[in-house]
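Shown next, in structure tokens, is the structure this report addresses.
Lettering of chains follows the sequences in order, A, B, ..., and the numbering in each one begins at 1. Only a predicted model underlies this, so the values are computations on that prediction, with no experimental measurement involved. Computed over heavy atoms, backbone and side chain alike; hydrogens, waters and symmetry mates excluded.
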Amino acid sequence: MSERRKQFPFDTFEPKWQAHWEARKTFSVPNPGEPGFDPARPKYYVLDMFPYPSGAGLHVGHPEGYTATDIITRYKRQRGCNVLHPMGWDAFGLPAEEHARKTGEHPRINTENNVNNFRRQLKRLGFAYDWDREVNTTDPDYVRWTQWIFLQLYHSYVDETTGRARPIAELEARGLSRDEIDARRLAYVAEAPVNWCPDLGTVLANEEVEEWRAKGHAVERRPLKQWMLRITAYAQRLIDELDGLDWPEGIKLLQKNWIGRSEGAEVDFTIGGETVTVFTTRPDTLFGATYMVLAPEHPLVDKITTPEQRDAVEAYRKVCAAKSDLERTELAKEKTGVFTGGTATNPVNGEAIPVWIADYVMMSYGTGAIMAVPAHDERDFEFAKQYGIPVIEVVKAPEGNTDTCFTGNGIAIHSGFLDGLPTPEAKAKIITWLEEKGLGKKTVNFKLRDWLFSRQRYWGEPFPIIWKEGRHEAIADSELPLLAPELDDYKPSGSPEPILSKATAWVDLGNGVTRETNTMPQWAGSCWYYLRYCDARNAERFISSEAEAYWLGKNGNPGGVDLYVGGTEHAVLHLLYARFWHKVLHDLGHVTTPEPFQKLVNQGLILGEDGQKMSKSRGNVVNPDDVVEEYGADALRLYEMFMGPLEQVKPWSMKGVEGVYRFLARVWRLVFETNQEGEWSRRAAVADVEPSKATNKVVHATIKKVGDDIEAMSFNTAIAQMMVCTNELTGLDPVPVRSIDLLLRVLNPFAPHLTEELHAHLAAAFPDAVPAAELASLDWPAYDESCLVEDELEIVIQVNGKVRDKMTVPREATKEQVEAQALARERVQEHTAGLTVRKVIVVPGRLVNVVAN
RNA sequence: GCCGACGUGGCGGAAUGGUAGACGCAGCAGACUUAAAAUCUGCUUUUGGGUUCCCAAAGUGCGGGUUCGAGUCCCGCCGUCGGCACCA
């Protein structure tokens with residue numbers, strides 16, 4: 001294919017303009033106080049989710065979102081904004097470490113190579129990034145501030161009365177003990193079960209377990225000391241404060257469901273002399289509780305188990321302990337459990353009910369204990385059937401209910417003082433009753449767990465923490481960044497001990513003082529990179545307050561970044577984690593807004609030509625480098641946008657790329673023609689003539705539609721309109737140079753190289769008609785409303801809703817005139833012959849519908 | 001199972017409740033050419049009828065409804081994709 005002659009010389013002018021922008025720093029934007037900063041212009045912050053620079057390089061999914069934000073960037077600049085549009089690298093991660101493990105080479109080297117390749121690929125696409133603000137999460141200068149933010153969390157707690165983070169120093173001033181303080185830090189240490197994979201010599205994140213197990217590696221559960229971040233303290237705010245954000249409703253819902261708020265009550269049961277608290281969302285069904293279940297790990301299990309049951313209970317607990325949460329749910333086709341021998345007393349009626357342990361109850365949610373109401377809970381019902389436990393109906397289902405186990409709202413029955421009450425009232429009444437008797441209270445629970453923040457890897461940020469006499473302690477800010485030591489090799493240690501523990505000289509600080517050897521997860525760097533871009537080279541602070549206030553500051557919205565574009569795969573975790581960090585920084589006075597991202601757009605996945613997900617094994621991966629080679633960067637950009645709506649999943653098509661390539665070639669040929677030798681020269685037809693009314697109409701309609709469509713991020717329809725405009729101009733001779741230039745100006749954000757090149761030629765040839773300045777520095781053109789209005793309008797005439805005729809009427813024709821004219825039409829007469837006209841609907845400027853029967 | 005998104009030509013897709021199929025791909029025909037490619041012009045939802053162009057009927061996953069008028073709004077299904085999955 002590459003021997004085929006190029007339809008326009010993109011291979012020479014694309015690199016030329018890229019070099020021009022780079023040399024001139026066209027898209028660098030100064031901060032307040034810096035030379036060239038224009039405070040009169042409004043700010044606009046456009047952010048891409050920064051990539052992990054993998055060894056495979058860019059794939060065509062990357063430029064989808066990047067082109068969309070690039071168009072917005074160039075458009076907003078032309079609209080007079082100071083636009084911040086940066087790029088960087090989420091460069092910590094397991095693949096670089098795996099590579100280091102195999103080669104013995106420091107992961108930094110491989111990471112740097114990959115970053116260089118990604119940067120080269122992105123620059124080839126002509127994106128308007130401010131490369132002066134590039135960040136890399138693995139740079140010591142960046143790591144320093146990631147660690148600093150971690151220490152902010154470490155040195156903070158959440159004040160329960162205000163729900164805000166406060167400095168830990170306040171607790172010290174109040175004289176709390178070290179243990180009490182440590183128990184309240186936002187970053188704390190806990191014993192947590194981890195997924196240890198002996199073959200890989202590493203601990204895996206929950207979401208990685210399945211993948212490696214499928215490849216035949218064993219993954220075990222092991223309790224290990226872990227750093228946790230107290231995100232649960234922000235659960236309610238993370239739900240509530242979604243309200244002010246311009247995010248897709250589906251994504252908000254995803255986050256809400258992930259956080260999983262549920263209202264209910266805690267109720268105290270007694271077992272012998274012990275009190276066991278259960279959590280339930282249906283306290284109104286308390287009279288229907290026929291047994292109780294404790295999680296197998298529940299601390300009271302030992303105490304209440306009778307000697308006869310002890311062996312069975314112990315055996316069951318052992319089986320459960322070996323299973324991960326995943327297995328526990330995955331293998332749960334049938335419910336299992338063991339009777340403990342103990343009985344609990346139902347506080348509401350004094351009845352004794354048996355106490356079981358079962359792994360369908362989890363220690364990590366609620367209180368790790370439930371009251372089981374098999375009549376009104378599917379799981380309890382299933383379990384009760386399995387073990388022959390009685391079912392007592394306490395909620396009368398509405399008429400017509402056929403479920404054997406009714407879980408909806410109804411009327412309370414067999415429930416003493418609750419009888420006759422609808423479910424919501426019954427809930428309220430029983431809660432009041434429980435609270436009065438001191439037997440329970442209203443409670444809210446969240447599914448969200450605290451964030452397990454430590455990894456046992458090398459290629460991540462070390463914790464800025466040392467251990468003294470069994471206690472953790474922060475190192476001083478002045479010692480940051482704390483970098484991981486060089487290792488002789490990056491092979492696993494063979495135990496769940498972090499790899500860094502092999503660096504004994506680094507770990508051992510003498511006098512029994514040692515360094516923390518865990519590292520932070522990849523999420524850490526991506527939690528705050530959007531902040532660093534605002535002030536990427538600041539050596540004194542993670543972001544200056546001036547830069548923060550300007551780029552992320554209040555414009556009446558809670559979110560700082562004006563537009564954030566990225567894939568749905570980050571809909572929950574990344575966005576939740578970043579929001580959490582941002583709120584902590586906000587509480588502590590480091591950032592002005594409560595939310596990081598005001599508007600979020602998720603670009604849809606691009607599939608292979610076969611309609612399948614792109615993957616190496618399927619052999620359907622499209623490499624952007626190849627596309628640029630053959631069709632140019634503008635064609636790739638344009639095709640990515642022309643495929644369909646940005647948010648939609650859509651398959652790649654090389655034929656489609658050729659289509660937009662042909663379109664760009666048509667635009668080129670508006671200005672240039674070629675001779676036998678393949679040399680390009682300006683067409684004689686291009687002239688500074690007055691455009692016709694029809695030409696003006698198309699051109700100005702295009703300016704209007706493209707502007708509107710960019711604002712709505714409906715790029716595919718904007719391109720369609722520019723194709724219409726080009727088709728119109730193609731047929732003209734002479735072709736008005738001013739019209740061509742207007743087309744170039746609206747096409748510029750989409751195809752910046754081609755348009756700059758043509759514009760430069762036209763400006764040189766027609767200095768009186770075409771502005772000399774390059775398009776990147778020209779304002780977005782205004783459209784002339786008067787060009788859009790027609791003197792005559794085409795009106796569709798329907799009879800009984802079916803189109804039967806069309807006519808043209810003067811623009812100023814009245815409804816009555818239009819109606820009369822329509823009724824007089826021959827075709828209307830034919831179709832209403834023998835019928836009586838009952839009604840005539842006239843939609844001004846559009847249609848007439850004659851209703852007759 | 002629960003939650004969410006989406007179903008329109010051969011394909012990607014367009015359509016403030018007002019001409020369904022813009023624009024592009026693929027296909028067909030013509031022009032240019034010794035020829036091909038490229039380019040340019042035209043046609044292209046289906047079916048039926050007259051035949052350079054027009055007429056009629058059907059048509060936006062399926063079945064109902066609201067409306068003068070529904071791809072669009074409402075109700076009930078079916079299908080595809082994504083997320084969650086014993087969270088009491």
Side-chain angles (χ1 to χ4, degrees), chain A residues 4-5 7 248-254 256-258 260-262 264 278-282 285 293 295 325-326 328-330 332-333 335 358-362 364-373 376-380 382-383 407 445-449 568-569 571-572 602 604-605 607 611 639 642-645 647-660 662-663 665-666 669 673-674 714 716-724 726-727 730-731 794-806 827 830 838-843 845-853:
Chain A
R4 196 167 76 188
R5 198 160 74 191
Q7 290 202 27
E249 284 306 314
I251 300 295
K252 287 189 184 180
L253 202 64
L254 224 55
K256 283 182 191 165
N257 291 343
W258 185 265
R261 181 185 201 273
S262 54
V278 302
F279 174 71
T280 177
T281 54
R282 292 298 298 271
T285 62
V293 186
D325 282 1
L326 202 80
R328 251 163 96 156
T329 58
E330 237 181 23
K333 293 191 183 81
K335 299 242 178 312
D359 67 358
Y360 81 91
V361 173
M362 267 161 289
S364 49
Y365 182 77
T367 60
I370 63 157
M371 63 175 210
V373 185
H376 305 290
D377 182 284
E378 303 269 7
R379 297 149 301 185
D380 297 344
E382 206 183 311
F383 190 84
T407 58
N445 255 310
F446 297 94
K447 276 201 288 190
L448 185 70
R449 312 289 159 83
T568 351
E569 65 272 23
V572 176
N602 289 120
L605 198 67
L607 306 173
Y639 176 63
F642 189 60
M643 292 172 82
E647 302 85 347
Q648 203 163 299
V649 179
K650 42 210 178 283
W652 186 266
S653 157
M654 272 307 175
K655 288 288 186 189
V657 181
E658 277 189 51
V660 293
R662 278 203 283 267
F663 160 64
R666 282 162 73 85
R669 287 197 307 270
E673 61 192 359
T674 182
S714 175
N716 55 329
T717 52
I719 294 167
Q721 178 64 35
M722 291 187 282
M723 287 173 167
V724 169
T726 303
N727 291 345
T730 294
E794 190 186 53
I795 302 290
V796 167
I797 306 170
Q798 299 183 334
V799 177
N800 289 331
K802 286 187 198 252
V803 179
R804 297 300 181 189
D805 202 1
K806 288 167 199 177
R827 306 257 310 126
E830 282 171 28
R838 302 290 176 189
K839 200 171 172 184
V840 179
I841 285 131
V842 180
V843 181
R846 281 215 162 258
L847 63 67
V848 177
N849 189 11
V850 180
V851 183
N853 59 12

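Comparing S714(A) and M723(A) against RNA chain B, the residue whose closest nucleotide sits nearer the 5' end is S714(A). Both N800(A) and G659(A) lie close to RNA chain B; mapped to their nearest nucleotides by heavy-atom distance, the more 5′-ward contact belongs to G659(A).
Nucleotides rA38(B) and rC25(B), compared at atom P, are 12 Å apart to the nearest Å. rA14(B) and rA20(B): their C1' atoms are spaced 9 Å apart (whole Å). rG4(B) and rC74(B) have their P atoms separated by 14 Å, given to the nearest Å. Between rG59(B) and rG9(B), the distance separating the two C1' atoms is 10 Å to the nearest Å. Spacing of P atoms, rU67(B) relative to rC86(B), comes out at 47 Å, to the nearest Å. rA70(B) sits 14 Å from rG64(B) when the P atoms are compared, rounded to a whole Å. Taking the P atoms as reference points, rG71(B) lies 13 Å from rA58(B), given to the whole Å. A distance of about 7 Å separates the C1' atoms of rG61(B) and rG79(B), rounded to the whole Å.
The side chain of R846(A) lies closest to rG18(B), out of rG83(B), rG24(B), rG18(B). For A720(A), the side-chain atoms get nearest to rC23(B) when compared with the rest of rG69(B), rG83(B), rC23(B). Nearest nucleotide to the side chain of L253(A), out of rC68(B), rC3(B), rA88(B): rC3(B). The side chain of R662(A) lies closest to rU39(B) when the candidates are rU39(B), rA88(B), rA14(B).
Nucleic acid contact class of R827(A) (heavy atoms, under 4.0 Å, all strands): sugar-phosphate only. Across all strands shown, N727(A) has heavy atoms under 4.0 Å from sugar-phosphate atoms exclusively, and none from any base. Among the atoms of the strands shown, only primed sugar atoms or phosphate atoms (P, OP1, OP2) are found under 4.0 Å from some heavy atom of V724(A). Residue I370(A) is classed as a base contact, given a heavy-atom separation below 4.0 Å to a base. Heavy atoms of S262(A) sit under 4.0 angstrom from primed sugar atoms or phosphate atoms, though from no base atom. As judged by a 4.0 angstrom heavy-atom cut-off over every strand, E794(A) is placed among the base-contacting residues. Within 4.0 Å (heavy atoms only), Q798(A) reaches at least one base atom of the nucleic acid. The residue D380(A) sits apart from the nucleic acid: no heavy atom pair falls under 4.0 Å. Among the protein residues, P645(A) comes within range of the sugar-phosphate backbone only, with heavy atoms under 4.0 Å from sugar or phosphate atoms but none that close to a base. Nucleic acid contact for T717(A): sugar-phosphate only, since backbone atoms but no base atoms lie under 4.0 Å from a heavy atom of the residue. Residue-level contact check: N257(A) touches the backbone only, with heavy atoms under 4.0 Å from sugar-phosphate atoms and none from bases. Nucleic acid contact class of K447(A) (heavy atoms, under 4.0 Å, all strands): base. Residue I841(A) is in base contact, counting any heavy-atom pair closer than 4.0 Å across all strands shown. At a threshold of 4.0 angstrom between heavy atoms, the contacts of R838(A) with the nucleic acid are absent.
When rounded to the nearest whole Å, the span between CE of M643(A) and P of rG12(B) equals 11 Å. The distance from atom NZ of K252(A) to atom P of rG4(B) is 15 Å, rounded to the nearest whole Å. The CD atom of E378(A) sits 9 Å away from the P atom of rC2(B) (whole-angstrom rounding). Rounding to whole angstrom units, CG of residue L847(A) and P of rG17(B) are separated by 14 Å. One atom, CG of N602(A), and another, P of rG4(B), lie 17 Å apart when rounded to the nearest Å. Between the CD1 atom of I719(A) and the P atom of rC25(B) there is a distance of 13 Å, given to the nearest Å.
The side-chain heavy atoms of T280(A) and I370(A), taken from C-beta on, include no pair separated by under 4.5 Å.
Salt bridge annotation for K335(A)-E382(A): present, with a cationic side-chain nitrogen under 4.0 angstrom from a carboxylate oxygen.
Annotation for A720(A) and F642(A): closest pair N-CE1, 4.2 Å, computed over non-hydrogen atoms. Annotation for L847(A) and I795(A): closest pair CA-CG2, 3.8 Å, computed over non-hydrogen atoms. Here the closest heavy-atom approach between residue K447(A) and residue R449(A) is recorded as O-NE, 3.0 Å. The two residues T367(A) and V278(A) come nearest to each other via the heavy atoms OG1-CA, 3.4 Å.
Side-chain N or O atoms of R282(A) include none that pairs as donor or acceptor with a backbone N or O of G264(A) at under 3.5 Å.
For RNA chain B, the stems formed by at least three consecutive Watson-Crick or G-U pairs, with both atom-pair distances below 3.5 Å, span B:1-7 with B:78-84, B:10-12 with B:23-25, B:27-31 with B:39-43, B:45-49 with B:54-58, B:61-65 with B:73-77.
Nucleotide rG76(B) is shown with an anti base, its glycosidic torsion being more than 90° from 0.
Side-chain N/O atoms of R669(A) include one lying less than 4.0 angstrom from OP1 or OP2 on rC40(B). In terms of phosphate contacts, Q7(A) brings a side-chain nitrogen or oxygen within less than 4.0 Å of OP1 or OP2 of rU39(B). At the phosphate of rG12(B), neither OP1 nor OP2 sits under 4.0 Å from any side-chain N or O atom of K650(A). A close approach under 4.0 Å does occur between a side-chain nitrogen or oxygen of K802(A) and OP1 or OP2 of rA58(B). Contact annotation: R804(A) reaches the phosphate of rA57(B) (side-chain N/O to OP1 or OP2, under 4.0 Å). Dashed line: the shortest gap from a side-chain N or O of Q648(A) to OP1 or OP2 of rG13(B) is under 4.0 Å. The phosphate of rA88(B) has OP1 or OP2 within less than 4.0 Å of a side-chain N or O from Y365(A). In this model, the phosphate group of rA26(B) is approached by a side-chain N or O of K655(A) to a distance below 4.0 Å at OP1 or OP2.
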Begin with the C-alpha distance, continue with both residues' side-chain angles, and end with the deciding distance and a verdict on side chain to side chain donor-acceptor pair (under 3.5 Å) for N727(A) and R666(A). CA-CA 8 Å; N727(A) 291 345; R666(A) 282 162 73 85; 2.5 Å; yes

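Note that OG1 of T285(A) and CG of D377(A) are 8.5 Å apart. Values are rounded to the nearest 0.5 Å.
Partners of Y639(A) by ring-ring contact (aromatic ring centres under 6.0 Å, His included), not counting sequence neighbours, listed by chain and number: W652(A).
With hydrogens and angles ignored, a donor-acceptor pair under 3.5 angstrom links the side chain of K335(A) to the base of rC86(B).
Aromatic ring pairs are classed by plane angle as parallel below 30°, tilted from 30° to 60° and perpendicular above 60°; the pair Y360(A) and F383(A) is tilted.
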